[in-house]
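Some notes on the structure that comes next.
Each chain gets a letter, A, B and so on, in the order the sequences are listed, and its residues count up from 1.
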Amino acid sequence: MKIFYFAWLREKVGLREEELTPPENVRDVASLLEWLKGRSPGHAEALKDPRMVRVAINQDYAAGNPPVGPEDEIALFPPVTGG
Amino acid sequence: MIRVQTEAFDVNAELEKLAAGNPKIGGVASFIGYVRDESEGAGVAAMTLEHYPGMTEKKLEEIAAEAHRRWPLEASLIVHRVGRLEPGAPIVLVATASAHRQAAFESCQFLIDWLKTKAPFWKEEETGQGKRWVEARAADDAAAENWTQKDPAAGPKKV
């Protein structure tokens with residue numbers, strides 16, 4: 001599973017992207033975020049407030065708690081501020 | 001047509017190209033967003049725009065397609081810059097072309113309103129107190145949501 005981080009999430013995690021193989025009990029967005037929090041203090045800090053984290057799966061916004069799989073491209077980022 | 005680029009754009013050339021060769025076009029509306037030198041009471045020396053390559057283009061294409069679905073457009077254009085920009089620099093150009101002005105004006109506003117809340121760009125400002133990430137504004141969410149409610153395909157609440 002490929003995970004991308006953008007903006008201040010990228011800075012807090014300290015990585016632009018990582019290739020991970022989550023354990024089997026990680027099957028959806030909520031369990032993925034919970035598992036990621038345990039990877040480092042930076043991850044925990046970046047993901048501590050889920051209201052500030054937007055999730056994209058394969059370059060589309062994830063609404064609710066959809067399933068995630070090993071082939072998915074996941075991106076985690078704050079609310080967007082372009083324009 | 002949508003484009004993400006670091007270099008500046010030539011507004012006149014872009015608008016001429018948009019309308020060229022199509023005599024069905026009676027009006028072009030455009031919006032240009034610039035970097036300001038002030039934000040939330042602090043001076044801004046520059047800002048850096050980050051984006052999610054791939055998803056950005058996909059979302060801009062979807063937003064443009066939605067505008068073409070809602071209004072009788074002959075052409076549309078979104079050009080968005082990324083990288084470091086100083087005050088006065090243009091960030092974004094949105095333009096729409098239609099037979100009549102109402103469709104052009106409305107769809108132009110729609111494009112910039114939706115872009116602001118749906119396209120994955122992030123701004124980091126350089127101020128006297130250091131760097132800071134721009135926070136999303138509730139007013140921008142409200143402006144985008146307003147268009148969701150106005151969608152004639154969305155339900156019985158027709159405008």
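- The most heavy-atom pairs under 4.5 Å with chain A, out of K118(B), R81(B), H51(B), come from K118(B).
- I112(B) is not connected to V134(B) by any chain of hydrophobic side-chain contacts under 4.5 Å among Ile, Leu, Val, Met, Phe, Trp and Tyr, and they are in different clusters.
- Cluster annotation: W114(B) is not connected to L77(B) through the hydrophobic network of ILVMFWY side chains, with a link wherever side-chain heavy atoms come within less than 4.5 Å.
- Only the side chain of K58(B) comes within less than 4.5 Å of a heavy atom of chain A; its backbone N, CA, C and O stay farther away.
- Annotation: E71(A), atom CD; neighbour count of heavy atoms from other residues, nucleotides and ligands within 6.0 Å does not exceed 12.
- Residues F6(A) and I3(A) fall within the same hydrophobic cluster, defined by Ile, Leu, Val, Met, Phe, Trp and Tyr side chains chained together at heavy-atom separations under 4.5 Å.
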task = Show your working on side-chain contact (heavy atoms from CB on, under 4.5 Å) between M55(B) and Y61(A) and close with a plain yes or no.
result = CA-CA 10 Å; M55(B) 181 169 173; Y61(A) 287 103; 3.6 Å; yes

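- For the set E50(B), E124(B), H80(B), the count of heavy-atom pairs under 4.5 angstrom toward chain A peaks at E50(B).
- For residues 16-52 of chain A, the pairs satisfying ring-ring contact (aromatic ring centres under 6.0 Å, His included) are Y5(A)-H43(A), with sequence neighbours left out.
- Chain B is approached within less than 4.5 Å, heavy atom to heavy atom, by E11(A) from residues 11-25 of chain A, ordered by number.
- The number of heavy atoms from other shown groups lying within 6.0 Å of NE2 (H68(B)) is above 12.
- The hydrophobic cluster containing L15(B) also contains I25(B), counting ILVMFWY residues as joined when their side-chain heavy atoms lie under 4.5 angstrom apart, directly or transitively.
- Taking hydrophobic clusters as Ile, Leu, Val, Met, Phe, Trp and Tyr residues chained together by side-chain heavy-atom distances below 4.5 Å, V28(B) shares a cluster with M1(B).
- Residue F4(A) touches chain B through its side chain alone, counting heavy-atom pairs closer than 4.5 Å.
- The local environment of CD in Q5(B) is crowded, with over 12 non-hydrogen atoms from other residues, nucleotides or ligands closer than 6.0 Å.
- Within the model, atoms CG of D60(A) and NZ of K59(B) stand 4.0 Å from one another, a figure rounded to the nearest 0.5 Å.
- Close approach to chain B, defined as a heavy atom under 4.5 Å from one of its heavy atoms, is seen in F77(A), P78(A), P79(A), V80(A), T81(A), G82(A), G83(A) of residues 76-83 of chain A, taken by number.
- The CH2 atom of W8(A) sits 10.5 Å away from the CH2 atom of W133(B) when rounded to the nearest 0.5 Å.
- Contacts of E62(B) with chain A are made by side-chain atoms alone, with heavy-atom separations under 4.5 Å and no backbone atom involved.
- Environment of CD in Q102(B): sparse, with no more than 12 heavy atoms of neighbouring residues, nucleotides or ligands closer than 6.0 Å.
- Within the 4.5 angstrom heavy-atom criterion, no atom of R54(A) approaches chain B.
- For CZ of R101(B), the number of neighbouring non-hydrogen atoms (other residues, nucleotides, ligands) closer than 6.0 Å is 12 at most.
- Judged as a ring-ring contact (aromatic ring centres under 6.0 Å, His included), not a single pair has a partner in residues 5-43 of chain B (not counting sequence neighbours).
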